[in-house]
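Since we're looking at a predicted model, the values are computed, not measured. Both backbone and side-chain heavy atoms feed into the values below; hydrogens, waters and symmetry mates do not.
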Amino acid sequence: MDKRKRIILHVDMDHFFTAIEERENPRYKGKPIIVGANPRQGRGRGVVSTCNYEARKFGVKSGMPISKAWKLCPHAIYLPVNRGLYMNVSERIMKILRKYADKFERWGLDEAFLDVSFKAKGFDEAKEVAKKIKKEIFEKERLTCSIGIGPNKLVAKIASDHEKPNGLTVVKEGEVRSFLNPLPVRRLPWVGEKTEARLKEMGIETVKDLAEANPIDLKEKFGVLGIQLYLMANGIDRSEVEEKKEIKSMGKDITFEEDTLNPKLIKETLSKLSEEIHKRLVKRNLYFKTITVKVRYDNFETHTHSKTLLSFTNKLQDLKDNVYLLTKKFLEKKRKIRLLGVRVSRFISSEKQKKLI
DNA sequence: TCTGGGGTCCTAGGACCC
DNA sequence: TCTGGGGTCCTAGGACCC
């Protein structure tokens, strides 16, 4: 085990999707831009994926229903999610970032962790590395990012969010406690709406409250997460920066424009979803074993049915047959369907599969 | 004639991340 | 206000094996 103190950077691109759209279309500059579902004059059913700072001035936020965004800011420029474009830009940025790291971990399209413990001797040098990174990304891609530096991933991640956009926040070991203590628990990773509410019931609202809570109580209430929460609140995070190796599952969901019971539409949609997933499987050379179908009814109630096959397959027909079979169970309910989803999991690579035969 | 204990796999649901 | 689509991980019960 290496005893050297760790120095971790978290790089977070500023409002990534809308920043790319602004760059590609200079005439959008200075105007509110919202990337997400089609607003359909306020009748759209998706959510806001990303919005720029001009749109945020009107109260628009990511994750918000697109219909609400329309009410707040009808004159914004509404754009669909151009995932292919963002993925290309992301690839180039990750390539830049990787050069600066001893160890590298991509986190979604627009974030990454860099362990620079060897490349930088101390936090001051790490700060210089961060400045270089920002400079190179801006020169090559005309995009800005916010960077947090800390003794572990947890602190780096929270630090990158501290000052945005185009921020740079350094939190050294000795400063971790005073940095974290005043924050609301919601700022910690894995604390979402539900966990925040349950903590509040226990009288825990700030990170300081959580750090001073009884870990036994937390473990009882939250299981593994309870221990994790206690450690995080005390600034402890030993998780390594490491690139995730293999994908665990692959799926596609579709929300209908209107809730439906139309058997023809349902069958066609299931076919399309299966075909899309099959394409991605072939591209990655994967065989799968488990199929899951997801249905969301008109009242947002969501259920899944899944089936594990006796052996691995990569055949489209196997996928479709099982998807239809699993969906049948849902259709018997005669309730209108809002969303359909198909997911496959438990993979094996084609090379390994061939060895099995 | 009332039944152990450990391990693994499968299924369903739910919270959370970006 | 009315809730996307891409994922990961955890929990809990039941089946099944030895």
Side-chain angles (χ1 to χ4, degrees), chain A residues 10-13 15-17 34-40 42-50 59-73 80-84 86-87 90 105-113 153-154 157 160-161 185-199 221-229 232 239 244-257 259 273 276-277 280 289-310 326 329-330 338-347:
Chain A
H10 180 253
V11 180
D12 189 355
M13 299 303 297
H15 62 97
F16 190 51
F17 297 176
I34 296 171
V35 168
N38 184 342
R40 298 171 74 221
R43 292 175 293 111
R45 1 183 39 178
V47 298
V48 173
S49 184
T50 314
V60 180
K61 287 182 184 150
S62 52
M64 171 183 280
I66 201 82
S67 54
K68 190 180 178 192
W70 182 266
K71 277 188 189 132
L72 293 169
C73 196
V81 180
N82 189 347
R83 193 165 281 278
Y86 313 148
M87 278 165 70
S90 173
E105 180 176 344
R106 180 182 191 144
W107 194 259
L109 280 182
D110 67 334
E111 295 183 22
F113 290 99
K153 287 165 77 177
L154 166 80
K157 171 118 173 93
S160 72
D161 201 39
V185 287
R186 186 60 190 266
R187 296 284 294 280
L188 296 172
W190 325 124
V191 179
E193 196 187 318
K194 310 280 173 176
T195 307
E196 180 187 34
R198 288 174 68 195
L199 285 169
K221 272 219 158 173
F222 297 95
V224 180
L225 175 66
I227 299 297
Q228 191 59 30
L229 288 173
M232 284 196 301
S239 65
K244 297 280 169 287
K245 337 105 248 229
E246 281 145 26
I247 186 170
K248 302 268 172 64
S249 74
M250 184 188 289
K252 188 164 174 64
D253 296 356
I254 283 222
T255 297
F256 292 111
E257 292 209 340
D259 303 336
L273 294 173
E276 163 68 24
I277 290 167
R280 279 148 61 183
K289 204 176 184 187
T290 301
I291 300 140
T292 305
V293 168
K294 175 164 75 174
V295 162
R296 177 168 293 151
Y297 293 113
D298 48 4
N299 67 349
F300 220 70
E301 209 180 285
T302 308
H303 297 276
T304 61
H305 281 310
S306 63
K307 182 178 166 71
T308 299
L309 307 175
L310 287 172
L326 287 165
K329 302 188 192 178
F330 288 116
R338 178 188 177 94
L339 167 146
L340 278 178
V342 175
R343 179 163 292 277
V344 291
S345 52
R346 305 195 206 186
F347 296 127

For [X], report the nucleic acid contact type (base, sugar-phosphate, nothing); a contact means any heavy atom under 4.0 Å.
{"X": "A:Val224", "answer": "sugar-phosphate"}
{"X": "A:Thr195", "answer": "sugar-phosphate"}
{"X": "A:Arg198", "answer": "nothing"}
{"X": "A:Ser62", "answer": "nothing"}
{"X": "A:Ile247", "answer": "sugar-phosphate"}
{"X": "A:Arg106", "answer": "nothing"}
{"X": "A:Lys71", "answer": "sugar-phosphate"}
{"X": "A:Ile254", "answer": "sugar-phosphate"}
{"X": "A:Met64", "answer": "nothing"}
{"X": "A:Gly63", "answer": "nothing"}
{"X": "A:Lys61", "answer": "nothing"}

**Asked** How close do A:Ser306 and A:Thr292 get, heavy atom to heavy atom, and via which atoms?
**Response**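 Smallest interatomic distance, heavy atoms only, reads CB-OG1, 3.3 Å.
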**Request:** Find out whether A:Asn38 and A:Pro80 are in side-chain contact, i.e. whether some heavy atom of one side chain is under 4.5 Å from a heavy atom of the other.
**Result:**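 No, side chains not in contact.
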**Message:** Here's a test of your reading of the structure: between A:Val81 and A:Phe222, which maps to the more 5' nucleotide of DNA chain C?
**Reply:**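 Looking at DNA chain C, the more 5' nearest nucleotide goes with A:Val81.
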**Item:** Whichever of A:Pro65 and A:Arg343 has its nearest DNA chain C nucleotide further upstream toward 5'
**Value:**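 The residue closer to the strand's 5' end, by nearest nucleotide, is A:Pro65.
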**Prompt:** When the nearest nucleotide of DNA chain B is assigned to A:Thr304 and to A:Val191 on a heavy-atom basis, which residue is associated with the more 5' position?
**Reply:**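 Per heavy-atom nearest nucleotide, the more 5' residue is A:Thr304.
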**Request:** Take A:Lys252 and A:Val342 through the test side-chain contact (heavy atoms from CB on, under 4.5 Å) and record every step on the way to the result.
**Result:** CA-CA 6 Å; A:Lys252 188 164 174 64; A:Val342 175; 6.0 Å; no
**A:Lys244 and A:Glu105 ion-paired at < 4.0 Å** =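 Judged by the 4.0 Å cut-off on N to carboxylate O distance, A:Lys244 and A:Glu105 do form a salt bridge.
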**Positional range of nucleotides in DNA chain C within the contact set of chain A, heavy-atom, under 4.0 Å** =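 With heavy atoms of chain A under 4.0 Å away, the range is C:dT1 to C:dT11.
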**Asked** So how far is it from A:Asp110 CG to A:Phe16 CZ, rounded to the nearest 0.5 Å?
**Response**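 With rounding to 0.5 Å, CG (A:Asp110) is 6.0 Å from CZ (A:Phe16).
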**Request:** Kindly compute the distance separating CZ (A:Arg296) from CZ (A:Arg338), expressed to the nearest 0.5 Å.
**Result:**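 Rounded to the nearest 0.5 Å, the CZ-CZ separation comes out at 7.0 Å.
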**Prompt:** Do A:Thr304 and A:Arg343 have a side chain donor and acceptor closer than 3.5 Å?
**Reply:**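 No, because no side-chain N or O of A:Thr304 sits under 3.5 Å from a partner of the opposite role on A:Arg343.
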**Message:** For A:Thr308 and A:Thr290, which I'm curious about, is there any donor-acceptor pair between the side chains at under 3.5 Å?
**Reply:**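 On atom types as modelled, these side chains qualify, holding a pair under 3.5 Å.
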**Asked** Given the C1' atoms of B:dC17 and C:dG4, what is the spacing between them in whole Å?
**Response**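 Going atom to atom, C1' in each nucleotide, I get 14 Å.
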**Request:** Could you work out the separation of B:dC16 and C:dT3 based on their C1' atoms and round it to a whole Å?
**Result:**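 That atom pair is separated by 16 Å.
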**Message:** If you count every heavy atom of other residues, nucleotides or ligands that lies below 6.0 Å from A:Glu193 atom CD, does the total exceed 12?
**Reply:**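 No.
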**Request:** Answer yes or no: does atom NZ of A:Lys307 have more than 12 heavy-atom neighbours from other residues, nucleotides or ligands under 6.0 Å?
**Result:**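 No, not enclosed.
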**Prompt:** What stems involve DNA chain B, if each pair must be Watson-Crick or G-U and both of its distances must be under 3.5 Å, with 3 or more such pairs in a row?
**Reply:**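 The stems that DNA chain B takes part in, listed by first number, are B:5-18 with C:5-18.
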